[in-house]
Amino acid sequence: MKELTIPNHVAIIMDGNGRWAKKKGLPRTLGHKEGIKALKRTIKDAYALGIKYLTAYVFSTENWKRPKEEVEFLMAILDKLIVKEVNELHLRGVKVKFLGELNDLSDALKKKIIWAEELTNSNTKMQLNLLVNYGSRQEIAGAIKKLINNNEEITESNISNNLYTSGIPDPELIIRTGGENRLSNFLLWQAAYSEIWITPEYWPEFNKQLLMAAIEHFSTIDRRFGGLNA
Ligand code: IPE
Ligand code: IPE
Ligand code: MG
């Protein structure tokens, strides 16, 4: 078998929490709770594999359309995740970043986000990007607006440098669970040459075997970037 190529940056659309719960006759909220467990496992697995950047889509700008109780539950589990996990992530040398329109979040959550980012800012083992109130179109429009306001040229590198992901290399591998063949406003600019691996399993079912399956698939791909390989 071909040697494994571990991607530098893996980005995940963690989809299917609600369907997982429905399948089991449980409330959607329990699906989100299991989803957090899957995220914790995946952070550990990615860390052990030496993946340098792990990006997870936690809440999109469109997810506000959901019932108020579900939105509140999602915000509450994110809050809990920060309180319960960031100290340990810090001990392991993980830098935690929150990308998205964070101003719209509650003051209490914002405070924890700032605390987590400041605490872990100089860590270098791995960077965990949590996309919260994130929308790629909004991100791109915001970058262009900034360039215009600063009277800067609209170039590819200037746009990249004004996205939330400024300084972060583009993901080589995007994983989507839950089987839908779409990006749902996720990293549209950054995904220009990403390999996309979609699996029908729901996010709460995600595990090391599936992560390895994605990486094994990635390792076999001939990445040409528009050119020709020998
Ligand atoms: C992903 O699972 C989590 C979020 C979008 C916050 P969903 O809640 O979208 O689950 P499905 O897609 O309805 O099954
Ligand atoms: C994408 O899932 C957003 C997150 C995983 C946070 P959605 O469930 O919101 O996407 P759609 O509605 O299926 O496109
Ligand atoms: Mg969904």
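Atoms within a ligand are numbered from 1 in the order they appear, just like the ligands themselves. Quick note: numbers below take in every heavy atom, side chains included, and nothing from hydrogens, waters or symmetry partners.
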Ligand-side contact atoms (ligand 2) for residue partner Arg182, heavy atom cut-off under 4.0 Å: 11 (P), 13 (O), 14 (O)
Atom of Lys110, atom of Asn103 and distance for their closest heavy-atom approach: NZ-O, 3.2 Å
Six-ring centre of Phe206, Arg41 cation under 6.0 angstrom, axis tolerance 45°: no
Closest approach of any protein heavy atom to atom 9 (O) of ligand 2, naming residue and atom: Asn63 ND2, 2.9 Å
Phe59 contact mode with ligand 2 (heavy-atom cut-off under 4.0 Å): backbone
Short N-O contact, Lys24 and Glu34, less than 4.0 angstrom: no
For atom 2 (O) of ligand 2, the protein heavy atom that lies nearest, with its residue and separation: Asp15 OD1, 3.6 Å
Cluster overlap Ile196 with Met14, hydrophobic side-chain contacts below 4.5 Å: no
Metal proximity, Asp15 vs the Mg ion (ligand 3), N/O/S cut-off 2.8 Å: yes
From the candidates Met14, Arg28, His32, Glu62, the one that places a heavy atom nearest atom 13 (O) of ligand 1: Arg28
Co-membership, hydrophobic cluster, residues Leu130 and Tyr53, 4.5 Å side-chain: no
Atom of Glu172, atom of Asn8 and distance for their closest heavy-atom approach: OE2-CB, 3.1 Å
Ligand 1 to Arg19 polar contact by distance, N or O atoms, under 3.5 Å: yes
Val58 neighbourhood, listing ligand 1 atoms whose heavy-atom distance to it stays under 4.0 Å: 6 (C)
Heavy atom of the protein closest to atom 6 (C) of ligand 2 (residue, atom name, distance): Tyr57 O, 3.3 Å
Exercise: do Trp189 and Ser160 side chains pair donor with acceptor under 3.5 Å: yes
Asn17, any N or O under 3.5 Å of ligand 1 N or O: yes
Contacting atoms of ligand 2, where contact means under 4.0 angstrom from a heavy atom of Arg66: 7 (P), 8 (O), 9 (O)
Any Glu180 heavy atom less than 4.0 Å from ligand 2: no
Ligand 2 N/O within reach of Ser184 N/O, cut-off under 3.5 Å: yes
Test: Lys65 and Glu62 ion pair at under 4.0 Å: no
Asn151 atom CG, neighbour heavy-atom count above 12 within 6.0 Å: no
Gly16 near ligand 1 by a heavy-atom separation under 4.0 Å: yes
Any Lys65 heavy atom less than 4.0 Å from ligand 2: no
Heteroatom distance test (Gly18, ligand 1): nitrogen or oxygen, under 3.5 angstrom: yes
Side chains of Gln190 and Thr165, donor plus acceptor under 3.5 Å: yes
